[in-house]
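Only this structure's heavy atoms are used, side chains among them; waters, hydrogens and symmetry mates stay out. All residue numbers refer to positions in the sequence shown, counting from 1. In this text, all values refer to a predicted model and were calculated from it rather than measured experimentally.
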Amino acid sequence: MPESPKTPSLFGFPYNAYSIQNDFMRSLYSTLSESKIGIFESPTGTGKSLSLICGSMSWLNDHDIATSITTKDNPPSELPDDEPDWVKAYQGDQSKNKKELLKKELKLKIQSRIELIRKHENGNSILQSLSRIDRPAWKREKKNEVSSDNDGFLLNEYISDNDGDGDDKSKTINYSNADDADADADDEFDEVKIYYTSRTHSQLSQFVYEVNKTQYANNLWSVPLGSRKNLCINKNVRKYSNMNRINEACQDLQKKNTEKKRCPYLPTMNEKERWHDFRDHTLARVRDIEDIVKIGESLSVCPYYGSRQVAKPARLIVLPYQHILHASTRESLGISLKGNIVIVDEAHNLIETISSIHTVSLTLYQSRTALSQLGMYMARYKERLLGKNIGYIKQIAVIIKALIQILNHSAKEKKDQILGVNEFLHMLSIDHFNMFKLEKYLKESDLARKLNGFIEMEQQKKEKEDKKQLSRQHQKGKIENEQPKPPATMPNLTQVQTFIMTLTNPDKDGRVFISWGGSDKSEPHLKYMLLNPAEVFRPIVEECRSIILAGGTMEPISDFTKHLFPDIPDSHINKFSCGHIIPFQNLLTLNIDEGPSGKSLLFNYENRQDNGLIDEVGKIIVNLCNVIPDGVVCFFSSFSYLETVFKRWSSTDGGHILERLAKKKKIFKEPRESNMVDATLRDYSLHIDSIKVTSNTGAILFCVVNGKMSEGINFSDKLGRGVIMVGLPFANRGSIELNEKIKYANEHGVNIMGTSAGNEYYENLCMRGVNQSIGRAIRHKDDYSTIVLLDKRYSTAKIQGKLPSWIGDHSEHCEKFGKAVGKVGSFFRQHRRA
């Protein structure tokens, strides 16, 4: 059955689709059919999520039908055993078909169980349908024998691989979660899966909500994956706030021969029915994270490990960025991308996200603490460590000492440095160590986790002794001031291990940044910086059948082809960009060159601190707020520049701009503290909603490009009748890290029309921030807004070409400010009449 693009009526869109939505789904279907990479730009408010869902699910259903027809055309048959080799080979093919039939029978069995659960859920609570489950089964397990010397923290014997010292079996280490899962591999159906990933859990929950609007939700097997922090239901683990602590506490409850009981929510391999019940209840509906946590609590089954089992038969797997983008996380979750589809939503910052995930810092304090803790561990267990454990631990200690030494330079030598990986290893005189074997040892021995468990045990012992001592003092009447409890020790060796692993990356793909602290009181630290995101993204590209990058503002798209898919021919990448669903008269975009006083608007590095320019932009905003109703959102390049502007506007010399502005609109400002963002948005929204319809007042919200309010926040209708962008938010060229990235781009990129690859990267970094910010305004077909760009450079063809087409293609150039005010006033008068 040929997989050709479908007619619009067959995509299963839950509403009457707009032409741009049909175009999106057809292009997506075609991209998946051809096993290509797709870069899709669809403005926020155009139904991007539903288009992604319906286009991809429609293709998946058709693919399943085509695969099913192929299987039916090749039914299994019985052949004699004494046939020639070519006949036996044919018989092997028939055996494969038999296996497929068995898989199909198992799938039907699971489906029947799911249908039964759906009937129960329609009339009963989840608990009422679980009477057959033997909940206390875990209580009947024999209590583990506990070693008096805490053998649980002792490393197993380790024999280094490739040394000829033994067979592979002696080299393997028992993993703490070896029996966490159902060993029934028959749940894996060898079918194409779709992995949908986005930045935050709220965005993933919204996606699940959209899936449930469609016809596909009725028969779709789906599961969300998350971290232990989001999924754990054991109160003794959830009490920790640090992610590493949560992971270690969970793994501790899976170990044998310790004082701690096995986690009651983790069924053994002999309790498959409990795993199956969790699987079936999860697959009965398209669920989000909160739903499967409730299922886990009702069934007394761990949602974290349970969801990993459900992922085997699931066709749609919903998960956050880092679970897909980090190789070790994919491995730990058992995620196989081979032949599957990955859809990355909100992909505009994908390049920066990959770099951030693979950038690792290590402080002097962490290094010293890790070395001290390693010494305590060796003192306790040195005589009992077998194999090559001692040799490897000594190597780790030597490396940590070298890291400490490099950060302990005298004050005269405290000049920040940036080095290649090989140069850094040579500088520390540790280039003779085999980092790959050391990485393998750290992973397989589980040294960091066992060390952290040992340190925690020692701390608990000390706390008990301190309590006894305090009790004796009370009894003797000698009560001294109680010493404050020391903070919980962070898993420092875990951070050292993560940093060491970065040193196995190719020399050309990253740099090591050495900082000895400074006037900002920052601690001496090392930082590994990834420069080549394409290298870590390459395994995903090579394994997947198709990759879809989607976002509301993906321009400049060239960055993705250069920095993520440099080796992929352009013919294998489909690019789709559509306009907005609003009529063109609902958006007014203006590029303004001069302010009311005739001062040129050029917010480059040299002019930014010019008080005259700051005053000019204040006058512009006051004048615009006289004609823009309701809510206005104004973006500045950084928090520090916004503070500088506010300070000037509050002064007499600055003309008391803020005071004048407050007479027209209530002033709100984005807080630096992320936990205060929601409250600020709520107050801003409530104030605008409280304004009478006949009033021409409102509120203005000052924000920062790449801040919390520039991404994922909907300024629809009255909340964003005007969006003002002050200047072009170029990053600080004084940053050593940024300059290194620009240098890398120049060395490995291609110049475009006289512009170096480094400058192109720098400019595109700026424009992605601009596009994401100004795309906050229009959210639906009846919405209307004006976008005002304050910098003469916005009028150049180069910058215009990097704006989203639905904005840039209809922008108007205003050399004089008076012309701009007239256009804005006329725009809103027309919409008031309408």
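Closest approach of L28 and L52 over heavy atoms only: CD2-O, 3.6 Å. A pairwise comparison of heavy atoms in S56 and I53 identifies OG-O, 3.2 Å as the closest pair. The two residues Y744 and K508 make their nearest non-hydrogen contact at CE1-O, 3.0 Å. Counting all heavy atoms, side chain and backbone alike, A311 lies closest to L225 at CB-CD2, 4.5 Å. For the residue pair I568 and V541, the shortest heavy atom distance occurs at CD1-CG1, 3.8 Å. Annotation for T268 and W275: closest pair O-NE1, 3.8 Å, computed over non-hydrogen atoms.
The existence of a salt bridge linking R274 and D277 is excluded, since no basic side-chain nitrogen approaches an acidic carboxylate oxygen closer than 4.0 Å. Looking at R330 and E543, no side-chain N of the basic residue comes within less than 4.0 Å of a carboxylate O on the acidic one, giving no salt bridge. A salt bridge links E760 to K802: one of the charged nitrogens lies within less than 4.0 Å of a carboxylate oxygen. K575 and D570 are joined by a salt bridge, as a carboxylate oxygen and a charged side-chain nitrogen come within less than 4.0 angstrom of each other.
Listed for the N505 side chain is a donor-acceptor partner under 3.5 Å among the backbone atoms of T502. The backbone N or O of L319 sits less than 3.5 Å from a side-chain atom of T197, completing a donor-acceptor pair. Side chain of S42 to main chain of G552: no donor-acceptor pair is present (N/O by atom type, distance under 3.5 Å, no hydrogens or angles). The backbone N or O of N247 sits nowhere less than 3.5 Å from a side-chain atom of R449 that would complete a donor-acceptor pair. In this structure, the side chain of D280 does not engage the main chain of I114 through any donor-acceptor pair within 3.5 Å. A donor-acceptor pair under 3.5 Å is formed between the side chain of R308 and the backbone N or O of S332. Under the 3.5 Å distance criterion, the side-chain polar atoms of N574 are left unmatched by any main-chain donor or acceptor of S27. Put simply, the side chain of S361 never gets that close to the backbone of K527: no donor and acceptor are under 3.5 Å apart. One N or O on the side chain of N340 and one on the backbone of K193 form a donor-acceptor pair closer than 3.5 Å. S307 contributes a side-chain N or O that, together with a main-chain N or O of P303, makes up a donor-acceptor pair within less than 3.5 Å.
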### Task
Would you sort out whether E740 and L531 count as a side chain to side chain contact (heavy atoms under 4.5 Å, CB included), showing the intermediate values?
CA-CA 8 Å; E740 199 63 29; L531 298 178; 4.1 Å; yes
#### Entry: Verdict with reasoning, L220 to T214, per side chain to side chain contact (heavy atoms under 4.5 Å, CB included)
CA-CA 10 Å; L220 178 61; T214 71; over 6 Å; no
### Message
Please determine whether side chain to side chain contact (heavy atoms under 4.5 Å, CB included) holds for the pair V318 and V211, giving the CA-CA distance in whole Å, both sets of side-chain angles, and the decisive distance to 0.1 Å.
### Response
CA-CA 11 Å; V318 181; V211 173; over 6 Å; no
### Task
Evaluate the side-chain hydrogen bond (donor to acceptor under 3.5 Å, both in side chains) criterion for residues S227 and N230: first the C-alpha distance (whole Å), next the side-chain angles of each, then the deciding distance (0.1 Å), finally the verdict.
CA-CA 5 Å; S227 63; N230 294 107; 2.9 Å; yes
### Task
Carefully, step by step, assess H348 and N771 under the rule side-chain hydrogen bond (donor to acceptor under 3.5 Å, both in side chains).
CA-CA 9 Å; H348 55 277; N771 293 340; over 6 Å; no
### L362 vs V360, side chain to side chain contact (heavy atoms under 4.5 Å, CB included): CA-CA, chis, key distance, verdict
CA-CA 7 Å; L362 180 68; V360 181; 5.8 Å; no
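The aromatic rings of Y196 and F207 sit parallel to each other, their planes meeting at less than 30°, with 60° as the upper class boundary. The aromatic rings of Y392 and Y441 lie parallel to each other, with less than 30° between the two planes, well short of the 60° mark.
Here the side chains of E290 and S205 are in contact, with some heavy-atom distance below 4.5 Å. F424 is not listed as a side-chain neighbour of Y528, based on a closest heavy-atom distance of 4.5 Å or more. In this structure, the side chains of H358 and E535 stay at 4.5 Å or more apart for every pair of heavy atoms. When side chains are defined from C-beta on, D288 does not count as touching L204, because their heavy atoms never get closer than 4.5 Å. Within the 4.5 Å cutoff, no side-chain heavy atoms of R511 are placed close to those of K743. Side-chain atoms of L765 and I351, non-hydrogen and from C-beta on, never get closer than 4.5 Å to each other.
Taking the six-membered ring for Trp and the full ring otherwise, the centers of F576 and F24 sit less than 6.0 Å from each other. Checked against a 6.0 Å centroid threshold, the rings of H572 and F565 do not count as neighbours.
For the salt bridge (charged side-chain N to carboxylate O under 4.0 Å, His left out) with K48, the qualifying choice from E210, E41, E346 is E346, the only one to do so. Checked against R768 for a side chain to side chain donor-acceptor pair (under 3.5 Å), the options N349, D559, T553 give a single hit: D559.
A distance of 9.5 Å separates CZ of F11 from OG of S51, quoted to the nearest 0.5 Å.
Residue-environment remark: CD (E352) exceeds the threshold of 12 foreign heavy atoms within 6.0 Å.
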